[in-house]
Structures are given as C-alpha cells and as structure tokens.
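Working notes, structure below.
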Protein chains: 2
Amino acid sequence: MTTHVPRARLVRNSKPLRRSDEIIDAAARVFAERGYHGTSTQAIADVLGMRQASLYYYFTSKEAALEAVCLRGTDGFVEAAEAVVKSKGAPLEKLARLIAAHLSPIETRQDYVKVFINERRYLPAASRRRLGRKTRAIERAFEHVILAGIADGSIVRGTDARLAMLAVLGMCNAVINWRPSDQGKDMARIAAQFAKLMANGLAANGGGARMARAT
Amino acid sequence: MTTHVPRARLVRNSKPLRRSDEIIDAAARVFAERGYHGTSTQAIADVLGMRQASLYYYFTSKEAALEAVCLRGTDGFVEAAEAVVKSKGAPLEKLARLIAAHLSPIETRQDYVKVFINERRYLPAASRRRLGRKTRAIERAFEHVILAGIADGSIVRGTDARLAMLAVLGMCNAVINWRPSDQGKDMARIAAQFAKLMANGLAANGGGARMARAT
DNA sequence: CCGCTTTTCGATAGACGTATAGATTCTATA
DNA sequence: TATAGAATCTATACGTCTATCGAAAAGCGG
C-alpha cells in the first residue's frame, strides 16, 4: 500500500537535518491533534508513510520527539520578546508589539506551539525545566514592560504586574485552542484588538492617550 | 496492603450516589493531573484503594468516566452566566459579574473544570457536541453583554464582540493552568483586576466612567 | 560495479491497558 | 441467622504500544 516515495536527497543544506525535520513535523501535527499520550508512534509513522520502527533511527524515544517538538514550539518567542523589550518606545507601545510578536508564531507554526502549550507538562522533569527557562523569559519580558509602565506613570498605579502579565499571556495563548472558524480570523486584526484592549485596560490616564483604532 | 475501608453507607440521601461520586472525584483528580490518555484506570483505582476492575461496576468505560467528569466541570457555569445576563445593571457591570461568576468554579472545583477545559476534546463526537452546547451558551452570554454595551454606547464602537468575548474567556480559562504559586492568589482579587482590565479596555468614553479601583 | 554509509524494514519481546466474567464478601433486613 | 442484593475481588482474554535487533535496501564515492 504505502508506496515508497524516494526521499529527495538533493538539498543544498549540507547538514543531515532534512529528513529528521519531516519526522518532527509529522510528530508535531499528530501530537497537536490527538495529544501526546493519545498519539502512538505508529500514527506518526503513518503520516510519513514509513514503518513505526524506522522512527527510532531518528529518535531514541517518543519522549525525545515530544521534547524536540516543544523546543521548536518556543523558537523565536524569547528572542522576539527580548528584542521588543530592548527597543525604544513607550511601555504601552512596547506591550502592543510584544503581543503582536507573541501571536505571530501562533499563526505560522500552530502545531509546534500548540504542542508546547498543551503537552509540555508530560515531559520528564529535566526537559520541562529546560523549557521552563524559556517560558519564564517570556513572562519576564511582559512583566518588565508592564512594570516600566507603572514606573513612568503610563500604567495605573496599584496594578499587579504579574497578574496583568498572566492575563495578557493567557489571552494570547488561548488563541491556539480556538475553534478553527475563530482561528481563521486575520491574526493582525486579533493582535490589534488585543493590544488596544490591554493598552486601554491598563492605561493610567482618564483617556487622552487612547491607542489609534484598529484598522 | 490496601485495607478495606468499609464504606459509610449511613447517608440520609436515599439515592445510591455517594460511592459513584467518590469515583468521579478520583477520576477528576487523576485526569486533571495526568490527562485523560495519560491516566490508566488502575491509577484511578489506586486513589480509592480499590481494584481496577471494580470501577466497572460504576462506569461502563473510561470514556464514560471522562464524560461524567466533564459534565460536572460545566455545572453551574451556564446557569450563573445566564442569571447575570438577565439581571439588572449596565453592560460593563454585568461583564464584571460574569467574570467573577466564571472564575468562581475555577477556584472551587479545579479538577473538574481543568478536565473539562483540557480533555473534553478526547470525548467521542456525540458527547462532545452535548458539551459544546454548554460552551456556546457561556460564550453567548459574554457576547450578548458586550453587544449590549456596544449598542448603548458604553463600549467603543467598532469592537468585534466575538473577538472580545474570546479574549475574556481565554484570559479567565487560562487561570486553570497557572502554576500553583500563581493560582494561590486570592481569586476575588484576580476577578477584580480582570474585570477592571476589560471594563477599561472596552470602555467607549475617554475616561470618566472608570471602574472603582480594585481593593 | 564495489564496498561503505545511511536509511528503512520485518519480526518480535515485553510491558501495559481496557474490559469481561464469575466467584466472593459485605450489609441490611426479614 | 438466613437470604437477597450491592459491592468488590480474582483471574484473564485480548489488544495495543514502545523499543530493540539484525537483515535488507538505497544512495554514493571511487
């Protein structure tokens, strides 16, 4: 049944990463849809039209595959967030950019991010801690910007920065689990409305400085 | 090893529901911690100090247990939300009450709600649809109040009500997956800050009508 | 075409997991 | 205390799943 699709070996990229990328990608897809424990290695192999045992040429265990997927799920997040923090601009503007930057991978690498968010808790403690560092870095970026806003008076006094950070991130991360019909919305529009919501929600002044309206 | 704890049969409640409640409760606990597919029926039995096979006296299948847990996970949500919608008050005040009402079960019945939110997708289509009705009812309640706010001018024109609803619910539901240290925060405080955030975030006027500050 | 490396395959060990069946024990009540 | 029904147990059938192993096949430089 499963026709042997001869693997395109004709990649310029010298590193022997192409095939294993396909494997991770298949794993991401199935993990995202059925969850880690709901996925059998057989199901991953099926996506690729290969035999279940062959996967073990690339991965030492199913857990290792989950870790690889989760790691890619965080790719870019931290770098993008920290770049925004270091950039110039008012805290509330930075927050808007943080939100946009955070939503972007959710759009472009859905499966990886979804697995990272929903399944990382099934990783063994060691790798979970490794990933925890990334999570905390992102949280820190958001919290830092909010604290800066409180400090310079643009965000209302008495705001619990950590709580506000958890609120924004909860809002943003939830997108990954929206129904497909809702996820279909234009991501730029989502980012804009989220940013407006948070900027106005946190703003200290009575009004003047409302953000420009979303397009 | 497992001592036979003679079951307290001395309940006034005539219905034979006590023991099966304990079973659902144990299932909720383990499903919440390890996920549905990560949980063996043996693990549930262990919590109760009973034999794995004995569970099947109460449930026809593991899936049925998941459905029971999920159903309880929605208990009260819809009723509370619809009561708020029907009550008197300005839309933004209602929204604040909706948020508080929505967060309350998250505090008092963590395991059930967590399973409902994270694991309901593993239910067979039939029961998933049943639960979908409840989800949609809650969403409708939030959306309805937001639409009312747009209609009466208290919420800024151009707001995408559905998007705003998804934002609030995402923010609220995320609480269930917070780290224990964050979850330990006073839930009333969380509700207050979330409500303030959304009220100010959505408010149409330049400022005047800001909500009272959180205590 | 040869031999070496990379990749995939077939077969299977061994653990685990769900669910069923019938025996056994418990509890309450006549 | 004898009996009926509820609750739990033991044993096990039967499927599935991860991971290993050695053989086969494919790709490639000489």
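The basis for the numbers below is simple: all heavy atoms, side chains too, and nothing from hydrogens, waters or symmetry mates. Chain letters run A, B, ... following the sequence lines, proteins first and then strands; every chain starts at 1.
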Closer to the 5' end of DNA chain C via nearest nucleotide, is it Ala53(A) or Tyr57(A)? Tyr57(A)

Would you mind reading off the distance between Gln52(A) atom CD and dC17(D) atom C1', rounded to a whole angstrom? 8 Å

Considering only heavy side-chain atoms of Arg51(B), the closest of dA19(C), dC9(C), dC9(D) is dC9(D)

Of the options dT18(D), dA19(C), dT8(D), whose atoms approach the side-chain atoms of Lys62(A) most closely? dT18(D)

State whether Thr41(A) places a side-chain N or O below 4.0 Å from either non-bridging phosphate oxygen (OP1 or OP2) of dT18(D). yes

Measure from NE2 on His37(A) to P on dT18(D) and round the result to the nearest Å. 11 Å

Nearest-angstrom distance from the residue atom CZ of Phe59(B) to C1' of dG17(C): 18 Å

Grab the OH-P distance between Tyr56(B) and dT10(D) for me, whole Å please. 17 Å

Counting just side-chain N and O atoms, does Arg19(B) come under 4.0 Å of either OP1 or OP2 of dA7(D)? no

Are OP1 or OP2 of dT7(C) and a side-chain N or O of Ser54(A) less than 4.0 angstrom apart? no

Between atom CZ in Arg34(B) and atom C1' in dC16(C), what is the gap in whole Å? 14 Å

Face-on cation placement of Lys134(B) at Phe77(B) ring, 6.0 Å and 45° thresholds: no

Between atom CZ in Arg18(B) and atom C1' in dA6(D), what is the gap in whole Å? 17 Å

Looking only at side-chain N and O atoms, does Tyr58(B) come under 4.0 Å of OP1 or OP2 in dT8(D)? yes

Does some side-chain heavy atom of Glu67(B) sit less than 4.5 Å from a side-chain heavy atom of Leu131(B)? no

Side-chain heavy-atom pair His144(B), Glu139(B) within 4.5 angstrom cut-off: no

Going by atom types alone, do Asp25(B) and Tyr112(B) pair a side-chain donor with an acceptor below 3.5 Å? yes

